[in-house]
Amino acid sequence: MYNLLKGKKGIIFGALDANSIAWKTAERVHEEGGTFVLTNAPVAMRMGEINKLAEKTGSQIIPADATSEEDLQNLVEKSTEILGGKIDFVLHSIGMSINVRKGKHYTDQNYAWTQKGTDVSAMSFHKVMQTLYKADAMNEWGSIVALSYMAAQRVFPDYNDMADNKAYLESIARSFGYFFGRDKKVRVNTISQSPTPTTAGSGVKGFDGFIAYADKMSPLGNATALDCANYTVSLFSDLTKRVTLQNLFHDGGFSNMGISDAVMDTFMKED
């Protein structure tokens, strides 16, 4: 431990269970000296085990629907009261596709479900930042991070409308990040993580195949949830004060690969 976040305060969205990246990040932030409020939608909280994480890290929980401006205003107001001042870091680890969950193909979407998924997965990020920005709730040199996936840039057929949501998420990070940086000296980035066996990710058809393929393609192998938590800690710390508006690939090198020996060997064996 390096005490990288000693004295820093934040909000962590999306911790569901011990498999989630947000959960691992909360544990690592706590180990590095940071304090935070945990939040998730009430329905997600009923599904998960967030109370265990709160107890482990000495944190309070504030239920909030990240698509509700009223809930977010309450969350920010109460968080600054609980933490005793402005916020230094925020993790947005939220994503949901009803089309994926219900098995609707990308070419046969239920658009009401699509809109709901966009609101939860991407628009909520704008709402979170707008709430923080208007309330002047972030300290200078604070850091906001959202979790993305490379389907925002490349085709992964079964990732469905979540690919569009991640592309929108990354655009929001750049666009709002400009204003947050210019006006408040706050940095905003997204992490494009390796496919990770979380509760949310496992709902995507063929996800085990995603993971196996990416691991064979990546020279360093897939980044784990804990690896991502460590990377997020570095982005919350003062060591990355000038990093902003970036989509940062954290995928063992997958994003720059064309083909690997391991994948080529698989195809040669099939021949």
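Model, not experiment: these values are computed from the prediction. We use all heavy atoms of the structure for the numbers below, so side chains are in, but hydrogens, waters and symmetry mates are not.
- Taking the side chain to side chain donor-acceptor pair (under 3.5 Å) definition, one finds that Ser93 meets it with nothing, sequence neighbours left out.
- Scanning for side chain to side chain contact (heavy atoms under 4.5 Å, CB included) contacts around Ser68 gives Asp65, Glu70, Asp71, with sequence neighbours left out.
- Ser171 is linked by a side chain to side chain contact (heavy atoms under 4.5 Å, CB included) to Arg174, Ser175, counting only residues two or more places apart in sequence or in another chain.
- Remark: Thr190 pairs with Asn247 by the side chain to side chain donor-acceptor pair (under 3.5 Å) rule, at least two apart or across chains.
- For Asp108, the salt bridge (charged side-chain N to carboxylate O under 4.0 Å, His left out) partners two or more places apart in sequence, or in a different chain, are Lys104.
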When the side chains of residues 143-150 are checked against the rest of the protein, which donor-acceptor pairs come out under 3.5 Å, sequence neighbours left out?
residue : atom : partner : partner atom : Å
Ser143  : OG   : Leu235  : O            : 2.7
Ser148  : OG   : Glu170  : OE2          : 2.5

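- Remark: side-chain polar atoms of Glu32 are paired, donor with acceptor, to backbone N or O of Leu4 under 3.5 angstrom.
- Here ring pair (Phe, Tyr, Trp, His ring centres under 6.0 Å) pairs that include residues 160-193, with residues two or more places apart or in two chains, are His126-Phe176, Tyr133-Phe176, Tyr133-Phe180, Phe176-Phe180.
- Checked for salt-bridge contact, Asp227 and Lys24 miss the test: no charged N lies under 4.0 Å from a carboxylate O.
- Shown here are the side chain to side chain contact (heavy atoms under 4.5 Å, CB included) partners of Lys241, two or more places apart in sequence or in another chain: Trp141, Arg187, Asp238.
- Screening residues 6-36 for ring pair (Phe, Tyr, Trp, His ring centres under 6.0 Å) gives no qualifying pairs among residues at least two apart or on separate chains.
- Pairs engaging residues 39-82 under the ring pair (Phe, Tyr, Trp, His ring centres under 6.0 Å) rule: none recorded [sequence neighbours left out].
- Glu31 is linked by a side chain to side chain donor-acceptor pair (under 3.5 Å) to Arg28, counting only residues two or more places apart in sequence or in another chain.
- Identified under the ring pair (Phe, Tyr, Trp, His ring centres under 6.0 Å) test for residues 68-89, with sequence neighbours left out: Phe89-Phe236.
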